[in-house]
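Heads up, the thing below is written out as structure tokens.
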Amino acid sequence: MTAIRVTDAEGRRIPGWQLVLRYLLLLAVLALTVGPFLWQLSTSLKGPHEDIFSSPPKFFPSEPTLDNYTRVADTIPVWDYALNSLKVATTNVVTNCVGAALAGYALARMRYRGRRAATLAFVLAMLVPVEGIIIAQFTTMRDLGLNNTLIAVLLPGCIGALNVLLMRNAFLGLPQEVEEAAYVDGANVWQRFLRIALPSVKGTLAVVAIFSFMGAWDDFLWPLIVLSDPQNFTLTIGLNYLHGTFANDERLVAAGTIIAVLPLIILFACLQRFFFRGVGEGAVKG
């Protein structure tokens, strides 16, 4: 019986104590990141007669129930709020993927005067804190007559500077020879963008989609400022009512939290294949 040899990326053997230490560190990080979510899930499934502050704490509910989720829907129109958030987040994904891809391609592959200045402008835009421009955004939406609408929630983040730079770097990694060959064959700039460049950066597009959805879905400050009609509230604003009025009902708050987080988990589960594939983008395939 031969012993299992564990090596690193360079082929060197990893001592047993180092391997154990690495796994212990990974388990500690996993507990810190996933533990709070699992505890909220456990709390949301506990009934009203089950003690959630017992010592030692009980992680698994003795009698799991979905009544807390029903109570959330009875307390606030949570599904209407979720639909508003879904509209904003989905539109935000589309505008960011389309706009960031077009801008990133123009910054990376096209030659024109002022290209470096345009790239620098996107970098500087990332350095401006949202709190510093939020008053200007509010007055702009008011002058346009868009306050208290979902369009006002969407517009400030419809194309993010970070997403543009991500797409630019992805397009820069593509071999120049491939596009030059297409240009010789008579392909115009739109054909080279749609048929050559864009299919090669699906991983980065998935990253942009996930970041855009998460940013729009989790946004709290801007919708709180620009929205005043409860019918237009997004999910984060609506769930804030649970934290205020029902702060002592931890089961209800936990159920609302799980409702807000679940779409993000589903989105990442659907796009993780493209998300991790972005590392190898730009390679020439035979």
Side-chain angles (χ1 to χ4, degrees), residues 22-90 92-93 130 157 162 203 206-224 233-278:
R22 292 182 183 184
Y23 276 104
L24 289 177
L25 290 175
L26 287 174
L27 290 175
V29 172
L30 181 65
L32 290 174
T33 54
V34 183
F37 169 76
L38 295 179
W39 180 254
Q40 284 288 84
L41 178 62
S42 173
T43 303
S44 68
L45 296 175
K46 292 180 178 178
H49 302 294
E50 189 170 353
D51 188 9
I52 61 176
F53 298 110
S54 60
S55 181
K58 295 181 180 179
F59 187 80
F60 297 100
S62 57
E63 297 179 0
T65 178
L66 297 177
D67 290 342
N68 295 319
Y69 295 91
T70 305
R71 291 172 55 215
V72 172
D74 294 337
T75 303
I76 59 174
V78 64
W79 305 120
D80 294 336
Y81 295 158
L83 180 60
N84 291 336
S85 291
L86 185 62
K87 292 177 181 178
V88 174
T90 303
N92 199 51
V93 169
V130 176
L162 175 61
V207 174
V208 170
I210 292 175
F211 285 172
S212 302
F213 191 93
M214 289 180 59
W217 186 270
D218 290 337
D219 193 13
F220 174 77
L221 180 60
W222 175 240
L224 180 65
F233 280 178
T234 57
L235 187 59
T236 52
I237 306 300
L239 291 178
N240 187 56
Y241 179 73
L242 295 180
H243 289 274
T245 306
F246 298 92
N248 293 327
D249 194 340
E250 289 79 6
R251 299 171 182 82
L252 194 66
V253 174
T257 303
I258 297 301
I259 292 175
V261 174
L262 190 59
L264 301 179
I265 299 176
I266 296 175
L267 176 69
F268 184 80
C270 295
L271 296 181
Q272 63 173 335
R273 179 167 59 95
F274 300 100
F275 185 89
F276 293 110
R277 199 178 71 181

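Position 1 is the first residue of the sequence, and the numbers go up from there. Computed from a prediction, not measured in an experiment: that's the story for all the values here.
By the side-chain contact (heavy atoms from CB on, under 4.5 Å) test, Leu66 is found to be paired with Leu45, Tyr69, residues two or more places apart in sequence or in another chain being considered. Annotation: side-chain hydrogen bond (donor to acceptor under 3.5 Å, both in side chains) contacts of Thr65 (sequence neighbours excluded): Asp67. Under the side-chain hydrogen bond (donor to acceptor under 3.5 Å, both in side chains) criterion, Thr236 pairs with Thr234, not counting sequence neighbours. For Phe233, the ring-ring contact (aromatic ring centres under 6.0 Å, His included) criterion is met by no residue, not counting sequence neighbours. Remark: Leu162 engages Met126, Leu166 in a side-chain contact (heavy atoms from CB on, under 4.5 Å) (not counting sequence neighbours). With sequence neighbours left out, Leu24 forms a side-chain contact (heavy atoms from CB on, under 4.5 Å) with Val20.
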| request: Apply side-chain contact (heavy atoms from CB on, under 4.5 Å) to Leu235 and Asn84, showing your working. | output: CA-CA 7 Å; Leu235 187 59; Asn84 291 336; over 6 Å; no
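Shortest non-hydrogen contact noted between Lys46 and Arg251 is O-CD, 3.4 Å. Of all non-hydrogen atoms in Arg71 and Thr75, the two that sit nearest each other are O-OG1, 2.6 Å. Nearest heavy atoms, Glu250 versus Thr43: O-CG2, 4.0 Å. Across all their heavy atoms, Glu50 and Glu63 have their closest contact at OE1-N, 4.0 Å. In this structure, Val72 and Ala255 approach most closely via the heavy-atom pair CG2-CB, 3.8 Å.
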Could you go through residues 31-40 and list every donor-acceptor pair under 3.5 Å that involves a side-chain atom there, pairing it with any protein atom two or more places apart or in another chain?
residue : atom : partner : partner atom : Å
Thr33   : OG1  : Val29   : O            : 2.9
Thr33   : OG1  : Leu30   : O            : 3.2

Acceptor/donor pairs from residues 206-224 side chains to any protein atom, 3.5 angstrom cut, sequence neighbours excluded:
residue : atom : partner : partner atom : Å
Ser212  : OG   : Asn163  : ND2          : 3.4
Ser212  : OG   : Val208  : O            : 2.7
Trp217  : NE1  : Ala260  : O            : 2.7
Trp222  : NE1  : Ala152  : O            : 2.9

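Rounding to the nearest 0.5 Å gives a distance of 11.5 Å between OG of Ser85 and CG of Asn92. Atom CG of Leu267 and atom CG of Leu262 lie 11.5 Å apart (nearest 0.5 Å).
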